[in-house]
**Student:** 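First the structure, which I've put down as structure tokens, then a few questions once you've had a look.
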Amino acid sequence: MANENKLQAIIAHAKEYGFVFPSSEIYDGLGAVYDYGQWGVELKRNVREYWWKWMTQMNEQNIVGIDASIFMHPSVWKASGHIDNFSDPMIDNKDSNKRYRVDHLIEGFAETLAEEEGKALLADMDKYIAADDFAGLKQLIEINKIACPVSKTVNWTDVRQFNLMFSTEVGSVAEEASKIYLRPETAQGIFVNFLNVQKTARMKIPFGIAQVGKAFRNEIVARGFIFRMREFEQMEMQFFVRPGTQKEWYEYWKSERMKWHATLGIDSAKYRYHDHVKLAHYADAACDIEYEYPMGFKELEGIHSRTDFDLKSHQELSKKKMQYFDADIDPETGKAYGNYIPYVVETSIGLDRTVMMLLSEAYTEEDLSTEEKQDSRVVLKFIPKLAPIKLAILPLMKKDGLPEIAKELMEECRQHFKCFYEEKDAIGKRYRRMDAIGTPFCVTIDHQTKEDQTVTIRHRDTMAQERVHISEIKNIVLQSL
RNA sequence: GCGGGAGUAGCUCAAUUGGUAGAGCGACAGCCUUCCAAGCUGUAGGUCGCGAGUUCGAGACUCGUCUCCCGCUCCA
């Protein structure tokens, strides 16, 4: 299937079978916001829980979790650089339809001028930017006849503000209210709690703090289904290390995170690392783990060596010492390492992007036609651990006591994993419905069950069936999880 | 934001030059059925994206508007 069609098919399937719905659809929807439906939420929860366990329980490193609030003190975003770096005035060229950050455009032009002239121009620009004077900025562009590099024209729109962060007011009385932001990343919740966690959990470096939660970003263009949403969920872990060791920990987490991906049942050829050449303001090394989505390789997870940028910024702004006292002996000096601000290696993966990866990877259209008749099915090949429903229990017919036996099995199994019971329609049709939402096992109760307590267990991917004793079903499913 | 394409039932689509909305699948109820969708009967479901205009009459024509998709621009 062509990739553009595959994306369409996945979006349609996700909606049709209750995985992902457009937000507020009855009111024409809300751009780049989606809701998870009954099966989507199970899939997403399974991913989230698996990541959490893998990080905070199964991993050999010392990692604990937190759950910080979405609202944070405005100074947090001052310290993190989000206020200064991500609220840029933008301008569009009407002929080329290209959009530019105003500062980039003017800086680019300034470089073509003589040094003194350029400096003067940039000084003017900084003055206008500091004053939020957009009309002044536009005037500056017009006076200097700064042209679009593509269209070479000066046919510009007005200058507009681009805000990465969503803001709202805290305080119920309007005059007393103060502006705060919805967090654009979860990491800062970890940094501001660094001391709390380190002290109360008596954590020793190296150690990690994990968090899963919502984050919010205005996007200039929100496209690609749940790949890029305005409200999304991140699974992040900040790993605090001794300065100077960040490079080896960066490499460690680079490979460690790929090990996690290798357990998701995804073709390893669909993954690649992408090293950042141009580094963000806080990083000394950074790479992405990319997955080949239907629209191409795209960033799924980021691994960043964030240095001590964040803790240091918070220390400066808050005047609180964000230090760790390291009693370990430095072999070079024979003395304790002493007080320092830890360096940080971050792993940050998009939960929604992971769900989209799993949907993309699992979605399979199969042609089952024989010479006699045409036949096909759509099957979602999730690994059982992540599948929304683990087991469907299907009496072959809804009479002769078969539903009663099925319900007994249902009662036993539902205590351990998500089950689905259905007695309507032909058995083949019920199998196909379960295929469409990725249920790995179906068990069918028939008349023979009444005689020898055996049932048919049917495997999703191979469609193979085997006859087993009814008492084995629970363990067969549990072993696959 | 710009350019292109598309909006009719849950889904896929149909409705002669404008004449007042249908089918298949799906869903639901029942019948029949001893293991891989499309056997039988019945039922529900649509102010044709929304709003104006032209007309005796608009799903169709005109204008506006909204939403979605594709491409471009920005981006941790």
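Keep in mind the model is a prediction, meaning the values are calculated, not measured. Only this structure's heavy atoms are used, side chains among them; waters, hydrogens and symmetry mates stay out. Here is how names work: the chains are called A, B, and so on, in the same order as the sequence lines, proteins then strands, and each is numbered from 1.
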**Student:** Any side-chain to backbone donor/acceptor pair from A/R230 onto A/F216? Under 3.5 Å, distance only.
**Tutor:**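 No, the answer is negative, given that no donor and acceptor are paired below the 3.5 Å cut-off.
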**Student:** Taking any heavy-atom pair under 4.0 Å as a contact, classify A/Y34: base, sugar-phosphate, or nothing.
**Tutor:**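 A/Y34: backbone/sugar contact only, no base atoms under 4.0 Å.
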**Student:** With P as the reference atom in both, quote the distance from B/rG51 to B/rC28 in angstrom, rounded to an integer.
**Tutor:**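 Pairwise P distance, B/rG51 against B/rC28, rounds to 32 Å.
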**Student:** When rounded to the nearest Å, what value does the distance between C1' atoms of B/rC70 and B/rG53 take?
**Tutor:**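 Here B/rC70 and B/rG53 have their C1' atoms 32 Å from each other.
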**Student:** By nearest atom, which of the nucleotides B/rA27, B/rU34, B/rC74 is closest to the A/R228 side chain?
**Tutor:**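 Nearest to the side chain of A/R228 among the choices is B/rC74.
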**Student:** Please state the P separation for the pair B/rC66 and B/rG24 - nearest whole angstrom.
**Tutor:**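 Those two atoms are separated by 38 Å.
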**Student:** Could you check how far CZ of A/F227 sits from P of B/rC69, rounded to whole Å?
**Tutor:**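 So the two atoms are 15 Å apart, to the nearest Å.
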**Student:** Among B/rC75, B/rC70, B/rC35, find the nucleotide with the atom closest to the side chain of A/D446.
**Tutor:**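 Closest of the options to the side chain of A/D446: B/rC35.
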**Student:** Nearest whole Å is fine: how far is B/rG26 C1' from A/E422 CD?
**Tutor:**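 The answer, rounded to whole Å, is 13 Å.
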**Student:** By nearest heavy atom, map A/I445 and A/P184 onto RNA chain B; which one lands nearer the 5' end?
**Tutor:**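 Its nearest nucleotide being more 5', the pick is A/I445.
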**Student:** Using the C1' atom as the reference point in each nucleotide, state the distance between B/rG46 and B/rU20 in Å, no decimals.
**Tutor:**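 It comes out at 14 Å once rounded to the nearest Å.
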**Student:** Show each protein N/O and nucleotides 38-40 of chain B N/O combination with a separation under 3.5 Å, one pair to a line.
**Tutor:**
residue: B/rA38; atom: N6; partner: A/Q374; partner atom: O; Å: 2.3

**Student:** Looking at the side chain of A/I427, which of B/rC36, B/rC35, B/rU34 is the nearest nucleotide?
**Tutor:**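 The closest nucleotide is B/rC35.
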**Student:** Strictly by Watson-Crick or wobble contacts shorter than 3.5 Å, is anything paired with B/rU12, and which nucleotide is it?
**Tutor:**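 Its partner is B/rA23.
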**Student:** In whole Å, measure the gap between the C1' atoms of B/rG59 and B/rC50 for me.
**Tutor:**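 Nearest-Å result for B/rG59 against B/rC50 at atom C1': 14 Å.
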**Student:** Do A/Y36 and A/Y34 pass the ring pair (Phe, Tyr, Trp, His ring centres under 6.0 Å) test, and can you show the C-alpha distance, the side-chain angles, and the key distance before you say yes or no?
**Tutor:** CA-CA 7 Å; A/Y36 285 86; A/Y34 289 90; 8.7 Å; no
**Student:** With C1' as the reference atom in both, quote the distance from B/rA14 to B/rU65 in angstrom, rounded to an integer.
**Tutor:**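 27 Å, rounded to whole Å.
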**Student:** Return the value, rounded to whole Å, for the distance between atom CG of A/L7 and atom C1' of B/rC68.
**Tutor:**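 Taking CG of A/L7 and C1' of B/rC68, I get 13 Å after rounding.
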**Student:** Could you please name the partner base of B/rC35, counting Watson-Crick and G-U wobble pairs only when both distances are under 3.5 Å?
**Tutor:**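 No nucleotide pairs with B/rC35.
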**Student:** Between A/F225 and A/E25, which has a closest nucleotide on RNA chain B that is more 5'?
**Tutor:**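 Nearest-nucleotide comparison on RNA chain B picks A/E25.
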**Student:** Using the side-chain contact (heavy atoms from CB on, under 4.5 Å) rule, pick out the option among A/M237, A/E236, A/M235 that qualifies with A/T347.
**Tutor:**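 It is A/M237, the one option of A/M237, A/E236, A/M235 that forms the side-chain contact (heavy atoms from CB on, under 4.5 Å) with A/T347.
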**Student:** Looking at every non-hydrogen atom in both residues, tell me the closest pair between A/F194 and A/I209 and how far apart they are.
**Tutor:**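 Here A/F194 and A/I209 meet closest at CA-CD1, 4.4 Å.
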**Student:** Calculate the interatomic distance between A/Q8 atom CD and B/rC11 atom C1'; express it in whole Å.
**Tutor:**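 About 15 Å, once rounded to whole Å.
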**Student:** Scan A/E185 against the nucleic acid and name what it touches under 4.0 Å (heavy atoms): base, sugar-phosphate only, or nothing.
**Tutor:**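 The answer is nothing, as A/E185 stays clear of every strand by at least 4.0 Å.
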**Student:** Provide the Watson-Crick or G-U wobble partner of B/rG42, both distances under 3.5 Å; none if there is no partner.
**Tutor:**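 Its partner is B/rC28 (Watson-Crick or G-U wobble, both distances under 3.5 Å).
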**Student:** Answer yes or no: are there more than 12 heavy-atom neighbours, outside A/K254 itself, under 6.0 Å from its atom NZ?
**Tutor:**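 Result for NZ/A/K254: enclosed.
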**Student:** With both distances kept under 3.5 Å, what pairs with B/rG1, Watson-Crick or G-U wobble?
**Tutor:**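 Paired with B/rG1, as far as the under-3.5 Å criterion goes, is B/rC72.
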**Student:** Counting only side-chain heavy atoms from C-beta out, which of B/rU33, B/rC35, B/rC36 sits nearest to A/M463?
**Tutor:**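 Of all the options, the side chain of A/M463 is nearest to B/rC36.
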**Student:** From the set B/rG10, B/rA37, B/rU34, return the single nucleotide nearest to any side-chain atom of A/E16.
**Tutor:**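 It is B/rG10.
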**Student:** Does the plane of the ring in A/F240 sit parallel, tilted or perpendicular to the ring in A/F191? Use 30° and 60° as the thresholds.
**Tutor:**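 It falls in the perpendicular class, over 60°.
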**Student:** Is A/R230 close enough to B/rC75 that one of its side-chain N or O atoms is under 4.0 Å from OP1 or OP2 there?
**Tutor:**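 For B/rC75, neither OP1 nor OP2 has a side-chain N or O of A/R230 closer than 4.0 Å.
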**Student:** Can you tell me, in whole Å, how much space there is between the P of B/rU54 and that of B/rC72?
**Tutor:**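 To the nearest whole Å, 43 Å.
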**Student:** Find the partner of B/rA58: check Watson-Crick (N1-N3 plus N6-O4 or O6-N4) and G-U wobble (N1-O2, O6-N3) distances, both under 3.5 Å, and reply none if neither fits.
**Tutor:**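 Across all strands, not a single nucleotide pairs with B/rA58.
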**Student:** Any heavy-atom pair between the side chains of A/E25 and A/K15 that's under 4.5 Å?
**Tutor:**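 When only atoms from C-beta onward are counted, A/E25 and A/K15 do touch, with a gap below 4.5 Å.
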**Student:** As a test of reading the structure: which of B/rA37, B/rU33, B/rC35 is closest to the side chain of A/T456, going by heavy atoms?
**Tutor:**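 For A/T456, the side-chain atoms sit closest to B/rC35.
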**Student:** Quick one: sort the A/F382 and A/F19 rings into parallel, tilted or perpendicular, breaks at 30° and 60°.
**Tutor:**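 The rings of A/F382 and A/F19 sit tilted, inter-plane angle from 30° to 60°.
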**Student:** Between the base of B/rC36 and the side chain of A/R458, is one N or O donor paired with an acceptor at under 3.5 angstrom?
**Tutor:**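 Result: at least one qualifying N/O pair found.
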**Student:** Taking only side-chain nitrogens and oxygens of A/K424, does any of them come within less than 4.0 Å of OP1 or OP2 of B/rA27?
**Tutor:**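 No.
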**Student:** What is the separation between atom CZ on A/R377 and atom P on B/rA37, rounded to the nearest whole Å?
**Tutor:**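 The answer, rounded to whole Å, is 12 Å.
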**Student:** Which side-chain N or O atoms in residues 463-471 of chain A pair as donor and acceptor under 3.5 Å with protein atoms at least two apart or in another chain?
**Tutor:**
residue: A/E466; atom: OE2; partner: A/H459; partner atom: NE2; Å: 2.8
residue: A/R467; atom: NE; partner: A/T454; partner atom: OG1; Å: 2.8
residue: A/R467; atom: NH1; partner: A/D446; partner atom: OD2; Å: 2.9
residue: A/R467; atom: NH1; partner: A/T456; partner atom: OG1; Å: 3.3
residue: A/R467; atom: NH2; partner: A/D446; partner atom: OD1; Å: 2.9
residue: A/R467; atom: NH2; partner: A/T454; partner atom: O; Å: 3.0
residue: A/R467; atom: NH2; partner: A/T454; partner atom: OG1; Å: 3.2
residue: A/H469; atom: ND1; partner: A/S471; partner atom: N; Å: 3.2
residue: A/H469; atom: ND1; partner: A/S471; partner atom: OG; Å: 2.8

**Student:** Please give the distance between the C1' atoms of B/rC61 and B/rU43 as a whole number of Å.
**Tutor:**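 About 38 Å, rounded to a whole number of Å.
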**Student:** Roughly how many Å is it from CG in A/D288 to P in B/rC75, rounded to a whole number?
**Tutor:**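 It is 15 Å, rounded to the nearest whole Å.
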**Student:** Between B/rU34, B/rC69, B/rC36, which nucleotide gets closest to the side-chain atoms of A/M397?
**Tutor:**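 For A/M397, the side-chain atoms sit closest to B/rU34.
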**Student:** Measuring from atom CG of A/D288 to atom NZ of A/K298, what distance do you get when rounded to the nearest 0.5 angstrom?
**Tutor:**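 Spacing of CG (A/D288) from NZ (A/K298) equals 12.0 Å.
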**Student:** In this structure, how many angstroms lie between the P atom of B/rU34 and the NZ atom of A/K450, rounded?
**Tutor:**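 After rounding, the gap between these two atoms is 13 Å.
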**Student:** Round to a whole Å and report the spacing from CZ of A/R460 to P of B/rC36.
**Tutor:**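 Rounded to the whole Å, the gap is 20 Å.
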**Student:** Given that both distances must come in under 3.5 Å, which nucleotide forms a Watson-Crick or G-U wobble pair with B/rA6?
**Tutor:**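 Its partner is B/rU67 (Watson-Crick or G-U wobble, both distances under 3.5 Å).
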